Amino acid sequence: MAAASIRLFNTMTMQKETLEPAVPGKLGVYVCGPTVYSYVHIGNARTFTSFDVVVRYLRYRGFEVKYVRNYTDVDDKIIKAAHETGEEPVALAARFVEAFREDARALHLLEPDVSPKVSDHLAEIIGIIGKLVDKGLAYESKGDVYFSVRHYPEYAKLSKRNLDDLCAGERVQPGEQKHEPLDFALWKAAKPGEPAWDSPWGKGRPGWHIECSAMSAKYLGETFDIHGGGLDLIFPHHENEIAQSEGASGKTFSRYWMHCGFLDLEGAKMSKSLGNVVRLRDALTKVDPEALRFFFVGTHYRHPLNFADKGLADAEQRMEYFYETLRKVDERVSGKDFGKGPLYGEPHKHLTEFESQMDDDFNTAGALGALSGLFAQMNELTDKPPVKDKAQVGRTLQALREDVRKVSGVLGLFEDEPAQWLLRRRDRAVKERGIDVAKVESLIQARNEARKAKNFAEGDRLREELKGMGVEILDTAAGTVWKVAPQ
RNA sequence: GGCGCCAUAGCCAAGUGGUAAGGCAAAGGUCUGCAAAACCUUCAUUCCCCGGUUCGAAUCCGGGUGGCGCCUCCA
């Protein structure tokens with residue numbers, strides 16, 4: 001493979017930059033994972049899918065990627081949720097880690113190389129806090145430990161804010177022991193009924209941001225290549241991570257910062273406080289997982305994406321087109337030997353275009369344009385071959401099919417057997433619409449008998465009857481097949 | 001108030017200096033007993049508005065208008 005030159009937008013510099021790993025050929029990637037106090041929603045799903053594609057593409061381009069995505073399983077929100085359900089916080093967190101794993105699998109997300117949990121890394125967290133205290137960047141106050149923002153001049157370099165503006169909106173929660181409002185907690189003294197661990201500052205638990213500093217350093221080193229997350233993590237989460245990590249190590253923390261745009265619901269940000277949250281697992285009862293992924297990658301990862309039924313329906317219809325094409329092509333050329341010889345046209349130009357779009361800041365939306373060309377060409381060669389040489393057509397189709405496999409690995413699409421995907425989709429539609437399959441099949445049989453007897457009037461009447469049931473029939477070379485008509 | 005993003009066809013959506021990708025919808029055609037699918041053709045002289053820079057702007061600059069986000073838990 002030619003030396004890849006990938007450009008990506010770095011939030012730190014607010015510019016597209018050429019990706020140059022610290023160690024040639026290798027990349028350390030850390031993505032902020034879920035705080036496991038509830039089920040993930042489709043906004044989370046969009047972010048995780050975006051970084052899933054980023055990691056897949058980096059590997060496709062030949063980088064050896066170490067992908068780390070954490071679980072934050074010790075947190076205020078978890079404690080609060082546990083008090084509401086009557087569970088132990090640790091048990092509740094464990095339950096939602098499992099739920100997340102199920103959801104991630106359903107969405108065809110890659111398993112990260114490391115998925116560390118806060119509760120397994122107290123030693124590392126206490127270590128980094130100790131280092132910050134020793135350096136005078138943090139202070140203990142009645143069992144809490146706070147980071148002293150005033151002692152860290154580079155604070156807010158990622159979000160480009162100035163401290164005076166930040167102070168205006170700052171407030172101190174009751175019970176906090178901060179010296180200054182902007183300071184943030186590294187360690188919180190234990191309160192009754194909360195998970196707690198021993199530390200040099202007494203029993204307590206880590207603050208929100210410190211776990212990412214501790215765990216990324218453990219698995220990727222004090223300096224690593226790419227740190228990702230949702231746009232809303234820029235401030236304060238990532239800002240605080242930088243302050244903690246660079247404060248402790250004296251080295252650059254993450255070399256590139258990537259942030260994914262929001263998913264909106266009817267034009268408004270989806271958030272728990274607005275109550276307009278759609279859980280991923282609920283969405284997946286209505287839409288095919290790959291169609292949802294296709295919907296996500298149809299918009300550039302940094303742009304806002306509006307979650308709308310029309311868009312999902314379009315995505316699913318498009319997936320059907322892709323899978324129908326693949327089924328046809330596989331039937332034609334799978335496992336066959338067409339010998340050696342020239343291919344028709346420039347079969348690989350679509351893949352090349354796909355790659356150049358992806359090289360430009362993971363422009364999946366642009367890359368889908370290339371994908372359209374690839375599928376159109378497969379259909380043309382299958383249905384209306386522009387050349388007579390069947391072996392040449394076969395070889396070219398096989399080459400195109402290989403290119404689809406490459407794209408498939410990058411986008412996490414077309415991972416199913418085409419026939420199975422199509423059948424599963426039909427089954428789901430049949431259930432939703434309450435279609436009587438036995439009746440459909442008997443009507444189709446009756447129609448074929450009528451057609452055989454050249455009684456086309458009766459055949460057409462039966463077609464209309466099926467249409468009334470929401471069923472479309474297709475007479476193919478292999479016989480009559482049917483599908484549920486789009487609504 | 002501070003910081004930042006966005007505005008491209010009926011709808012979705014790429015494109016950030018060289019003459020508007022792609023998808024959906026729509027219309028016509030090929031194919032078909034009729035269909036469907038598939039393929040082909042058509043579909044923005046123009047990119048929210050007004051100025052400016054330039055040989056050249058959707059792209060850069062200034063000013064508007066309209067939408068959104070962060071600054072508080074958030075992917």
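Just so it is clear, the model here is predicted, and its values are computed rather than measured. Reminder, nothing fancy here: chain letters follow the sequence lines and each chain counts from 1.
Look at A58(B): it lacks any Watson-Crick or wobble partner with both distances under 3.5 angstrom. Remark: U30(B) base-pairs with A38(B). Criterion, Watson-Crick or G-U wobble with two distances under 3.5 Å. U19(B) is unpaired under the criterion used here, namely a Watson-Crick or G-U wobble arrangement in which both key atom distances are under 3.5 Å. Pairing for C70(B) goes to G2(B), judged as Watson-Crick or G-U wobble with the two contacts each under 3.5 Å. The partner of C48(B) is G64(B), judged by Watson-Crick or G-U wobble contacts that both fall below 3.5 Å. Pairing for G10(B) is with C24(B), a Watson-Crick or G-U wobble pair whose two hydrogen-bonding atom distances lie under 3.5 Å.
Between M14(A) and K160(A), the shortest heavy-atom distance links the atoms CG-NZ, 3.9 Å.
Following rounding to the nearest Å, E472(A) (CD) and A38(B) (P) show an atom-to-atom distance of 10 Å. Atom P of nucleotide C24(B) and atom CD of E320(A) are separated by 12 Å, given to the nearest angstrom. Atom-to-atom, NE2 of H237(A) to P of U72(B) comes out at 16 Å; the value is rounded to the nearest Å. Atoms CG (D383(A)) and P (U30(B)) sit 17 Å apart, rounded to a whole Å. For F184(A) and C73(B), the CZ to P distance is 12 Å, given to the nearest whole Å. Atom CZ in F375(A) sits about 18 Å away from atom P in A37(B), given to the nearest Å. The distance between atom CG of N448(A) and atom P of C34(B), rounded to the nearest whole Å, is 16 Å. Atom pair I79(A):CD1 and C73(B):C1' shows a separation of 14 Å (rounding to whole Å applied).
If you take atom P in U65(B) and the same atom in C55(B), they sit 32 Å apart, rounded to whole Å. Separating the P atom of G52(B) from that of U16(B) is a span of 26 Å, rounded to the nearest Å. When the C1' atom is used for both C5(B) and G51(B), the distance is 24 Å, rounded to whole Å. Atom name P, nucleotides C40(B) and C24(B): the rounded distance is 12 Å, in whole Å. Only the C1' atoms considered, A44(B) is 8 Å distant from A20(B), to the nearest whole Å. Here the separation of G18(B) from G23(B), taken at their P atoms, is 24 Å to the nearest Å. Taking atom P on both nucleotides, G64(B) is separated from G22(B) by 37 Å, rounded to a whole Å. Comparing G1(B) with A58(B), their P atoms sit 33 Å apart, to the nearest whole Å.
Counting atom types as modelled, D460(A) pairs a side-chain N or O with a base atom of G33(B) as donor and acceptor under 3.5 Å. Between the side chain of R463(A) and the base of A35(B), a donor-acceptor pair under 3.5 Å is found.
At the heavy-atom level, L263(A) lies under 4.0 Å from base atoms of the strands shown. Contacts of I473(A) with the nucleic acid, taken as non-hydrogen atoms under 4.0 Å apart, include base atoms. Among the protein residues, Y321(A) comes within range of the sugar-phosphate backbone only, with heavy atoms under 4.0 Å from sugar or phosphate atoms but none that close to a base. Across all strands, N379(A) comes closer than 4.0 Å only to sugar-phosphate atoms, never to a base (heavy-atom distances). At a threshold of 4.0 angstrom between heavy atoms, the contacts of D76(A) with the nucleic acid are absent. Residue contacts for R451(A): at a heavy-atom cut-off of 4.0 Å it reaches a base atom on one of the strands shown. Counting any heavy atom pair closer than 4.0 Å across all strands shown, G459(A) reaches no nucleic acid atom. Contact annotation for K77(A): backbone-only contact, meaning every heavy-atom pair under 4.0 Å involves sugar-phosphate atoms and none involves a base.
Between E316(A) and F295(A) the shortest side-chain heavy-atom distance does not fall below 4.5 Å. When side chains are defined from C-beta on, H227(A) counts as touching C32(A), because their heavy atoms get closer than 4.5 Å.
Map C260(A) and Q317(A) each onto its nearest nucleotide of RNA chain B; the residue landing nearer the 5' end is Q317(A). Between T476(A) and R447(A), it is R447(A) whose nearest contact on RNA chain B lies nearer the 5' terminus.
Closest contact between the side chain of H41(A) and the listed nucleotides A75(B), A36(B), U30(B) involves A75(B). Among G69(B), G4(B), A38(B), the nucleotide with an atom closest to any side-chain atom of M14(A) is G4(B).
Heavy atoms from other residues, nucleotides or ligands lying under 6.0 Å from CD of E417(A) number 12 at most. The number of heavy atoms from other shown groups lying within 6.0 Å of CD (Q420(A)) does not exceed 12. The number of heavy-atom neighbours closer than 6.0 Å to NZ of K390(A), taken from other residues, nucleotides and ligands shown, is 12 or below.
The only option from W257(A), F253(A), Y256(A) that meets the ring pair (Phe, Tyr, Trp, His ring centres under 6.0 Å) definition with F224(A) turns out to be F253(A). Applying salt bridge (charged side-chain N to carboxylate O under 4.0 Å, His left out) to E320(A) and the options R425(A), R426(A), R327(A) leaves one that passes, R425(A).
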*Spell out protein contact along nucleotides 10-23 of chain B as letters: B when the base is contacted, S when just the sugar-phosphate is, - when no protein heavy atom is under 4.0 Å; keep the 5' to 3' order.*
---SSS-----BSS
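Remark: K80(A) NZ to Y37(A) OH distance equals 9.0 Å, nearest 0.5 Å.
Annotation: side chain to side chain contact (heavy atoms under 4.5 Å, CB included) contacts of S356(A) (sequence neighbours excluded): E353(A).
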